[in-house]
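Heads up, the thing below is written out as structure tokens.
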Amino acid sequence: MSDGVRHLYVHLPFCRHRCGYCDFVTVVGQDRHHAAYVDALLAELELERYRLLPRLETVFLGGGTPTLTRADELARLLAGLPPADEVTVEANPETVTSALAGLLRAAGVNRISLGAQSFQPELLAVLERRAQPEDVRRAFYHLRDAGFDNISLDLIYGIPGQRPDDIRRDLGEAVALGAEHLSCYELEAKPGTRFTRAHGDELARQADAMEGSFELVVDTLAAGYRWYETANFCRHPSGIDQRDLRARHNLAYWRGREYLGIGVGAVSTVAGRRWRNTPGLQRYLVALGAGEIPARDVELIDDATLAIERLMLGLRLDEPLDRRGLESAIDDEALERLSHLRLIVEDPAGHLTLTRRGRFLGGAVTTELMSEMPANTRVSTEVSTIG
Amino acid sequence: MSLARIRNFSIIAHIDHGKSTLADRVIEITETLSGREMRDQVLDSMELERERGITIKAQAVRVAWKGFQLNLIDTPGHVDFTYEVSRALQACEGAVLLVDAAQGIQAQTIANAYLAIENNLEIVPVVNKIDLPQADPDAAAAELADLVGCDPGDVVRISAKSGSGVEAVLDAVVARVPPPGGDPAGPARALIFDSNYDQYRGVVAFVRAVDGVFSPGESLKTMATGTAFEAEELGFFSPEREPTRALSAGEVGYVITGLKDVSRLRVGDTITSETRPASEAVPGYKDVKPMVFAGLFPSDSDAYPELRDALARLKLNDASLTYEPETSQALGFGFRCGFLGLLHMDIVRERLEREFDLDLIVTAPNVAYQVTTKAGQEKEVHNPSEMPSDLLEVEEPYIRASVIVPKEYVGAVMELNQERRGDFHHMEYLSEDRVLIVYEIPLAEVVFDFYDQLKSRTRGYASFDYDLIGFRPGELVKLDIMLAGDPVDALSLVIHREKAYARGKALVERLRAEIPRQMFDVPVQATIGSRVIARETIKAKRKDVLAKCYGGDISRKRKLIEKQKEGKKRMRQLGSVEVPQEAFLAVLNLDGERKP
């Protein structure tokens, strides 16, 4: 597809505590492995470096809690990564000290995604977050003081017990802090998680009441922010340089670009293949300790599947989606129906844009618009190599 | 055998009064079957008959008793098969009328007794189950004597279960039932009282020879339908088929015709010789028309060919079942089937599901309507969705419903009948406690949840039977259900004008509750012509998004929407609205149970 991959994801799984609602690959209480893990990451990067351009567009360190990684190891890791235009690190508020903020800044990080989730203590308690509202604010100012001018806050709505006013208050706090970017997620109670077992009934009870929450979020943020992706908002271009404050790394996913992911459980999509590294920390460390690629699940992404994904992802954005190349994925009759319902608009050039209501119903619209096709993707496990 | 040594009789009874048990004892006592060959309900060969304790097909058996040839014809007891029963009775000269000593006369007892009397049969009244602790043989005998107009002392008292008194029944049959009439030397005539289909030999007619003698190999024909065939084999039942060289006037037996289509040999028709035909048919032949209709659709539309084949197979044995292809926007391809009544419908459905392993959706049953349009056109309508809009007059079938209940439930029964547009006909006390109530009531009202209501309002004490009494005009309207402006054909119904509002309201409320919200507001309306009589709105969904989606879970999210897409295939598409199958079934089942 390309002359080289431009986007790198680095997974840092360590957490002090696994939050009840989380379903990411995380590791608790393995502090002694930080050095070995950074070694392994850099080893995997070496093995895969041939796929990457020398200078990348974006690097994203996600977790887990990347900022929980020992400071010296984190610095060593950042120093070992290829240079990139946008370097984002996910941070949990309670881990952000003045020193850490300075370290990140000095290491070339230019964007921080801060997991605020809420500014209400009782809701943070429900989410089992360790940070208090003042930790969020303190972290934010440490980052500002260190020179970060592109900070994103994560907020969660739909928390058991949360009322519309709580949502307004959380958004108000985030806006007041002056965050450049906001990610607002509805709480996903994933089946089988501890959280769902504890709160599932309450979530089901408030489901109807929460139906308007998404609209509430969008409407509340409309004044100062661009709703550029289903769950993501950024400040409108501002200042002399008219910066585009969208998350460039995530935009790459939504635009169907290739990306390389390293670390336990990290996913890559390159040249018609998608693979996921083993989620097992020990297996990962042992393999890379021996200079071998870790065990991976590999999925072949053929053109038809890719088209479906591009449709699914592209419709999340506020920018028009070019139909060309997606013919196999789109059911033309459905497109007509959806246009008729004013959920989607097709311009003469064949670009698709969801209307405001279409975006609120984006999942249903995508399902409707998608042409029927056999699920022809295969999953296989290759133990040590991908061809 | 000389006519004087032959007795032809039926056993008639209300359900569970012991008809099959008595038949079993008769076969045992006369040593027609050895103990090794014997089993319960020996004449009921269908699995469904044994399970439900009912007789669906008529059966016959010839037994020998003290130098006499007795032909016992076992008839279906249910009202749906009244015509078949009446033909079976026509083949007899006498009937054993059996009543449970604990229950006394029930609705079917009376209906059967009247049928027997209409056919000029000698009735042998018998009280059964006299050994039950709660039995009151004197009371039952008194009711029975009153019904048939005999002396209570003439009522035979038995226990078919233990066999006590069964010999007396046979003696009474020989003594009281007259020998068959008929002219052994005349042109051959035989009455067809049932038929079945043998997959190797074709249609087998069950007959009562009236005049003359039939021989194997003879060329025969039916007098009403004119079907010609050859008597490939003649014989009698013991109770298996036993071939004979001749079937003579007065005898009951079978004719193997080799015909491949059971509908060409109708119950009630007369068989005669091609070479020396009789001049007149045995009277009483009727072309029985189905009165209750419903759409049968496979749940899985791929099973349509299986349903078609299964109906054809059932039809081989059941001339009264009719079906024609029907296409419903909501339910896809299926068949509009005609049944004699509700039990018949239920039996057909159950056999399709059980013997042919089909999973069916059955639309709410409706009756046949005779319609006159304003343009003066007359036609019979079997499907509410085909009801013309320019109606001048609609006639619907009426029945005479007989209900027997303990007297404390008279009020409840009358109330139910009044609610169902019934006209009171008469009421009589069968005994001090038990009352017969007769109403004339539209069949359509019985098709809809009547049995259930009757049962619950009388705590199960009511017994119920009915006769069709013809078509009568009614204030009937066609009620349509519109979903997002499009009519849902499978939900159209014909209903009395006064009931349309309540029914329409119930239907739209149920639809609103059952149909998941769509991407747009969906009005649900009940309409009569262009007039909307009830309306609800299924409000549009406000939100349906996948909360987040990043590089790590693109595959999972894609599989999720692919799964949703797959799920949509199982939806019923009603115009622009997608309705899950379960929701649609819930609305169809608003009509409550259909089982008698």
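Keep in mind it's a predicted model, so treat the numbers as computed, not measured. Letters A, B, ... are given to chains in the order of the sequence lines, protein chains preceding strands, and every chain is numbered from 1.
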Minimal non-hydrogen separation, A:A231 against B:A547, with atom names:
CB-O, 3.4 Å
A quick test of your reading: do over 12 heavy atoms of other residues, nucleotides or ligands sit less than 6.0 Å from CD of A:E336?
no
Might you confirm whether atom CG of B:D390 has over 12 heavy atoms from other residues, nucleotides or ligands at distances under 6.0 Å?
yes
Can you tell me which portion of A:E186 sits under 4.5 Å from chain B's heavy atoms? Options are side chain, backbone, both or neither.
both
Counting only heavy atoms not in A:R248, do more than 12 sit closer than 6.0 Å to its CZ atom?
yes
Side-chain heavy atoms of B:I554 within contact of A:M312, under 4.5 Å:
yes
Checked A:Y9, A:F60, A:Y253 vs chain B; the most non-hydrogen pairs under 4.5 Å come from A:Y253
To the nearest 0.5 Å, what is the distance between OG1 (A:T305) and NZ (B:K559)?
10.0 Å
Tell me, do A:F214 and B:V545 make a side-chain contact under 4.5 Å, heavy atoms counted?
yes
Count the heavy-atom pairs under 4.5 Å between each of B:R517, B:E578, B:Q518 and chain A, then report the option with the highest count.
B:R517
State whether the number of non-hydrogen atoms from other residues, nucleotides or ligands found under 6.0 Å of B:K499 atom NZ is greater than 12.
yes
Verdict with supporting geometry, A:W254 and B:Y550, side chain to side chain contact (heavy atoms under 4.5 Å, CB included):
CA-CA 8 Å; A:W254 298 322; B:Y550 298 105; 3.3 Å; yes
Do other residues, nucleotides or ligands put more than 12 heavy atoms under 6.0 Å from B:R535 CZ?
yes
Counting heavy-atom pairs under 4.5 angstrom with chain B, the leader among A:L313, A:T366, A:L187 is A:L313
Please determine if B:K548 forms a cation-pi arrangement with A:Y185, meaning its NZ or CZ atom is less than 6.0 Å from the six-membered ring centre and no more than 45° off the ring axis.
yes
Is there side-chain contact between B:R558 and A:M370, with heavy atoms separated by less than 4.5 Å?
no
Heavy-atom count check: over 12 atoms from other residues, nucleotides or ligands less than 6.0 Å from B:F356 CZ?
yes
Can a donor-acceptor pair be found, under 3.5 Å and without considering hydrogens, that links the side chain of A:R357 to the backbone of B:F520?
no
If you draw a 6.0 Å radius around CG in B:D486, do more than 12 non-hydrogen atoms from other residues or ligands fall strictly inside?
yes
Straight-line distance of B:K543 NZ to A:L361 CG, nearest 0.5 Å:
10.5 Å
Quick one: does any side-chain atom of A:E211 pair with a main-chain N or O of B:R542 as donor and acceptor, under 3.5 Å?
yes
Applying a strict 4.5 Å limit to non-hydrogen atoms, the region of A:R276 in contact with chain B is side chain
With heavy-atom distances below 4.5 Å as the criterion, would you say the side chains of A:E368 and B:M519 are in contact?
yes
Closer than 4.0 angstrom, basic N to acidic O: yes or no for A:E372 and B:K565?
no
For residues B:S555 and A:R274, is any side-chain donor paired with an opposing acceptor at under 3.5 Å?
yes
Candidate pair A:R337 and B:S576, rule side chain to side chain contact (heavy atoms under 4.5 Å, CB included), full reasoning:
CA-CA 9 Å; A:R337 281 198 298 280; B:S576 55; 5.8 Å; no
Counting only N and O atoms by type, is there a donor-acceptor contact under 3.5 Å from the side chain of A:Y259 to the main-chain atoms of B:G551?
yes
Which answer fits A:T230, side chain, backbone, both or neither, if we ask what part of it has an atom under 4.5 Å from a heavy atom of chain B?
side chain
Taken to the nearest 0.5 Å, the spacing of B:I561 CD1 from A:E309 CD works out to 9.0 Å
